[in-house]
Each structure stands twice: as structure tokens, then as C-alpha cells.
**Q** 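Here it is, the structure in full.
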Amino acid sequence: MKTVIVGGVAGGASAAARLRRLDERGEIVLLERGEYISFANCGLPYYVGGEITEKSALTLQTPESFYNRFRIDVRVLSEVVSIDRAGKTITIHDLKEDRQYTETYDKLILSTGAEPLVPPIEGAKSANVFTLRNIPDAYAIRDKVVALGQGKKAVIVGGGYIGVEMAENLLHAGLDVTIVEMADHLIAPLDADMAADVHHYAAEKGLKLMLGSAVTGIVERDGSTTVTTSTGDVAADVVILSVGVRPESRLAKEAGLPCNAKGGILVDDHMRTEDENIYAVGDAVEITDFITGDKAMVPLAGPANKQGRIAADNICGLHSRYTGTQGSAVLKLFDMTIATTGLNERTAKAKGIDCDKVFLYSANHAGYYPGSTMMSMKVLFEKLSGRILGAQIVGFDGVDKRCDVLATAIRFNATGRDLAQLELCYAPPFGSAKDPVNMAGFVIENIEKGLIHQFHWHDVAGLPRDGSVQLLDVRTPAEAARGMIDGFTNIPLDELRQHLKELDRTKPVYVHCHSGLRSYIACRILTGEGFHCYNLAGGYRLYQSVTGEGKPPVSAMPCKK
């Protein structure tokens, strides 16, 4: 059997290697329009910033190494320009020799990826404007950065994963960096309340943020560049467009293969298109959301690798299935780690899912062991079933580990009760006997059992201050002296029992502490004494971070509950 693969990198190279492992005698041809068949595209921003110094480190496989290992016919600088489905042939443009020829196939795998979006604005294709997709792009941006030297101005248009990584690396390279983002917060998979810590930390590190700003044009005049936005202009010596990607599906469309409105190639769970002899994988395909079952576009390397393997399995008769994408991702911003998996609150509500959320502020390992730092967690769950729908974690050490556990829990349809029962590794340098993931399960269990009632940071402003409810701050006096929510009365937790006679059992009590832990204990005391009590999820720390009433110490994140 002869299998031709169009495009390398994650999906195509994975499919090629799997095909060879399953079929030693099959003919495999891998065609790549560029010079590189398998490269570390997620590492490109770190080359631009100088963190990765060797160009060779970006290349995972060369045509020679791929042939030596797998006996795969790799042809770079070979652009497939058309597919003849009836004749089962493709036409290839040899870019090096500038000639065209045809190639037959028994099975065809399309791994054409996605290309950066270039907004239809003035100046988007100017000399000082770049996008980042491949190794030549990274080389060009790096050369520009080196030529500019220290102190020059860079503007990143778009605050997604690539935009934030580029911002960090350009700052590392000595540039003055501004991120312009049309939404009200960075990193779209985060909810705005979880992005607040990211904003504070980014500003601490010297990044300038223009949020809620739509870029309307890029003007080059007299050797200078100006980025015009809906909220003002900003000068730039280099501009990086990072506003998203779109599937590169022209080949599929021109061959008559069905695509969705965004251009995503339609495939079944075997990664097969409408044509039984043509498969498609990676960023170019429409996927099924694992949690909702809806169709979506999620361009991530992990799913692309799995899809390439699954396509190869099915070509070789193993009947593997792709069961959906849940969007697990992690991002480094200086020393901060930002991780997400599953649905965020915005998406869940937009889809009409009846869900609830818990916020935690937990240490990465035992607080008494040196070096402990805090992480802010948001876990979303379905009210009726308790099933975990999504998680977002922002912090430092240990964030990726907890998000991976939660991603696994989601994949196996775990509930909050399941999280509480997980037996996770513990030693003081690595975690706590009650891991943050367990703690999320405990909080969800308490809500489901009616042991605690929550209110949230966005409810605070609407609480009456007319005496019809009681507003209680159970932090220490020293904490309260550094800032209080308007209308709340400070009674420290350890003195609460002595002050019960001052409270009215006929009126509900809304309680907060720094993180939500001490106020939970206060609520259990009050509930036991006949009060109807509500706990502020995430505590004063989250409220302060989101509302901007004071700047939370996100860089130090002391181990305070």
C-alpha cells in the first residue's frame, strides 16, 4: 500500500512514523512545502527571545534522519497544488526545481495545518510586521530583534498563548513590549477572574497591556511605525500579529471535501474525510468537544499528534477512534504557570449548562517546607451530576501537575466526589497530604451536601448595606488594616465564638477571609449556632485581584490562608 502524507510537523510526522511501525513494507511519501518536516513550533518564541540559542535545537527530524530511521520518502520544498480524487493522484510543485509532477496514492493524509490570521487593516503587511508560524518566521523575527538592539519598542497584537509567550521573550531580549488585546483579558481560555492575576504579574514584570483595544491600522511613516487602536496609538519598531489562526484547507475544498464555515475539514472519529481514501489530521480539521459533544476548532499539538497516530492505525486496519478534544494547555509567563483544561465558565453558560464553580488558593507543597508558593484554582462542575467540566490554575511550581490530574479526571468523567477520593503522591517537597486537587473535591462535596453556601466576587457589590444582612470579615486585624470590603465588619475567626451575641440569627451572614478557608470554618461555626451563612468563594484575595482594590502580591504569593 502507498500512503502519501501532505504536511509534516505534529500530525503528518506522527502519522508517518506510526505507519512505518505498523507496516514495514508499505510505501510512505511525506511531502512538505517548507524546508522542515518536523520542528519544535512551540519552541519558536524561545528562539526569538534568545532562550534557545542553537538553530539546530528547533529541528526534531531531518529528511535524512527520518529516512534512516523509518525508510520514509521525505520530500521538502514540495507543494501539493491539487488532488484528483477519481484518479487517486496529486499534483506536486517542486519548488526547488520549479517543475510539476503527479504522484499516485492508495491512501492520502492531509496534515496542512493552520496559518496565522492577518487582519484586514491598513499596514498589516508592512515591513516591520511579522507573524510566527514556522522556523523561517522565527529566524526573521530574531534577526529583526538583534538588529534593533536594546530598548526598542515591540507591539504584540493579540494576547493569546503565542502572543504572551512572544511578549515575554521580546522583553527578555531587551525590548519595551506592549500587548494590544481586543478582549478584556489575556488568554481566551481563562475566565476574566482568573486572568486578573496574570495581568498584575505581567505588569510587575514590565509588560504593558492595552486590554479592550481593537487594532484599526498600522502606519509606517518616515521610518517609524504606529499601531492605531480604538483606545489610542502606540509606537513600535516591530509588530507581531498573533490574533489567531485559520485552517489551511484549500486543497480539501478544491477537491470537493466538505469543510465547516471556518474552513475546518470534516472528518469522522477515524480521522477519515468523506472520501474513504483520504484522511485529515491536526489544526486543519474540525474536532468534537469532548465535554459538550459540539463541533469546534482547537489547534493544539497534543491532539494533532494523536490524530496522526489514529489515522495511521485505521489505514493499517486497527480501527482506532479519536474521542474528542478538551483543550488542555499550559503557558509559561516568566516564572508564572497558567494552565487550563475543559470548559471555562463563559462557554459553559453560553451552552446553557447548569454549572457551579469553586475557587481555591492552595500551596504547591507543604507550607512548612521551604519554597512553598500559592496557586489560584477555579474548578467548574455540573450541578446535577457533580461532573468536572473544566479547570483553570494560575501560580508557580506545581500548577501543571494539578491541571494534568484534573484533565485526566475530566477525560474519565470524574465528579467532585472522585477528586476527593484520589490518592495522590505526597511528601513535603512535592505536595500536601490534602492535595489542592483533593481540596477542590472536598469543597464541591460540601456544596453538594449543603454544608456550605457560596457567594462570589461579582455578588459583593449587590449585597445590601442597609442592615438587612450581616457582612463579616474574619481575617486578622492586621490583614483588615491593609484593606477591607466596604460594609464588612472585622471579627477575627478565633474570636468569633465570643462575639456571637452581637450577631442576629434572623439575618443571613455573608463571610469572607483571605482565601475562603477560614471563612468556611466561620460558616460552620455560625451554621452550628443556627445562622444562615454564605462563604465568599476565593476570599478577599480573589475579590481584590479582580476588582483592582489593591494589588495582590502575585509574585511572592505568601502561604496565607
Side-chain angles (χ1 to χ4, degrees), residues 41 43-53 55 115-188 195 198-246 331 333-334:
N41 50 357
L44 297 180
Y46 301 98
Y47 175 78
V48 169
E51 192 74 19
I52 296 173
T53 57
K55 290 182 177 180
E115 59 184 346
L117 282 170
V118 177
I121 57 173
E122 176 190 0
K125 296 184 179 180
S126 301
N128 287 335
V129 180
F130 298 83
T131 59
L132 181 64
R133 180 187 186 183
N134 52 35
I135 288 180
D137 293 340
Y139 290 169
I141 299 171
R142 177 63 182 167
D143 290 345
K144 179 69 175 181
V145 168
V146 171
L148 285 174
Q150 301 282 313
K152 297 297 184 179
K153 298 181 183 297
V155 172
I156 312 292
V157 182
Y161 293 114
I162 298 299
V164 170
E165 287 175 342
M166 283 296 296
E168 173 193 347
N169 280 280
L170 291 178
L171 193 70
H172 182 263
L175 275 65
D176 181 298
V177 183
T178 300
I179 300 177
V180 181
E181 168 56 51
M182 186 165 60
D184 63 354
H185 68 278
L186 299 177
I187 310 167
V198 180
H199 299 164
H200 294 301
Y201 182 73
E204 262 186 27
K205 291 297 183 179
L207 291 178
K208 300 179 177 67
L209 304 181
M210 293 178 64
L211 303 175
S213 297
V215 173
T216 56
I218 300 170
V219 180
E220 289 193 9
R221 185 177 296 114
D222 300 327
S224 64
T225 302
T226 301
V227 179
T228 62
T229 82
S230 57
T231 59
D233 297 346
V234 56
D237 297 293
V238 61
V239 179
I240 310 295
L241 297 179
S242 182
V243 296
V245 297
R246 62 184 170 202
L331 171 69
L333 177 61
F334 304 102

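All residue numbers in this chain count up from 1 along the given sequence.
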**Q** Of Thr131, Leu170, Val157, which meets side-chain contact (heavy atoms from CB on, under 4.5 Å) against Ile240?
**A** Leu170

**Q** Using side-chain heavy atoms (C-beta onward) and a distance below 4.5 Å, is Leu44 in contact with Asp137?
**A** no

**Q** Of the non-hydrogen atoms in Met166 and Ile156, which two are nearest, and what is the gap between them?
**A** CB-CD1, 4.2 Å

**Q** Taking the side chain as everything from C-beta on, heavy atoms only, tell me whether Thr178 gets closer than 4.5 Å to Met210.
**A** yes

**Q** What pairs of residues pass the salt bridge (Lys or Arg N to Asp or Glu O under 4.0 Å) test when at least one of them lies in residues 115-135, not counting sequence neighbours?
**A** Glu115-Arg246, Arg133-Glu248

**Q** Roughly how far, to the nearest 0.5 Å, is CZ of Phe130 from CG of Asp143?
**A** 9.0 Å

**Q** I'd like to check Leu207 versus Leu333 (side-chain heavy atoms, cut-off strictly below 4.5 Å). Are they in contact?
**A** yes

**Q** Identify the heavy atoms of Ala124 and Val129 that sit nearest to each other, and give their distance.
**A** O-CG1, 3.2 Å

**Q** Does Glu220 reach the main-chain N or O of Asn128 with its side chain, forming a donor-acceptor pair under 3.5 Å?
**A** yes

**Q** Write out all pairs satisfying salt bridge (Lys or Arg N to Asp or Glu O under 4.0 Å) with one or both partners inside residues 164-174, taking only residues at least two apart or from two chains.
**A** Glu168-Lys332

**Q** Return the minimal non-hydrogen interatomic distance between Leu171 and Phe334, and the atom names on each side.
**A** CD2-CZ, 3.4 Å

**Q** NZ of Lys153 to OG1 of Thr225: how many Å apart, nearest 0.5 Å?
**A** 12.5 Å

**Q** Mind checking whether His185 and His199 have parallel, tilted or perpendicular rings, split at 30° and 60°?
**A** tilted

**Q** Can you name the closest pair of heavy atoms from Gly174 and Gln150 and give their distance?
**A** CA-OE1, 3.4 Å

**Q** Please lay out, stage by stage, how Asn169 and Val145 fare under the test side-chain contact (heavy atoms from CB on, under 4.5 Å).
**A** CA-CA 11 Å; Asn169 280 280; Val145 168; over 6 Å; no

**Q** Between the main-chain N or O of Ile162 and the side-chain N or O of Ser242, is there a donor-acceptor pair closer than 3.5 Å?
**A** no

**Q** To the nearest 0.5 Å, how far apart are OG1 in Thr53 and NZ in Lys55?
**A** 12.0 Å

**Q** Val215 and Val155: side-chain contact (heavy atoms from CB on, under 4.5 Å), yes or no, with the steps?
**A** CA-CA 11 Å; Val215 173; Val155 172; over 6 Å; no

**Q** Does the side chain of Lys208 reach to within under 4.5 Å of the side chain of Asp176, using non-hydrogen atoms?
**A** yes

**Q** Give the C-alpha distance, both sets of side-chain angles, the deciding distance and a yes or no for side-chain contact (heavy atoms from CB on, under 4.5 Å) between Leu209 and Ile179.
**A** CA-CA 5 Å; Leu209 304 181; Ile179 300 177; 4.0 Å; yes

**Q** Less than 4.5 Å apart, any side-chain heavy atom of Leu241 and any of Pro119?
**A** yes

**Q** Might you point out which heavy atoms bring Gly212 and Ser230 nearest each other, and give the distance in Å?
**A** O-OG, 3.9 Å

**Q** Where the side chain of Ser213 meets the backbone of Thr231, is there a donor-acceptor pair that is under 3.5 Å apart?
**A** no

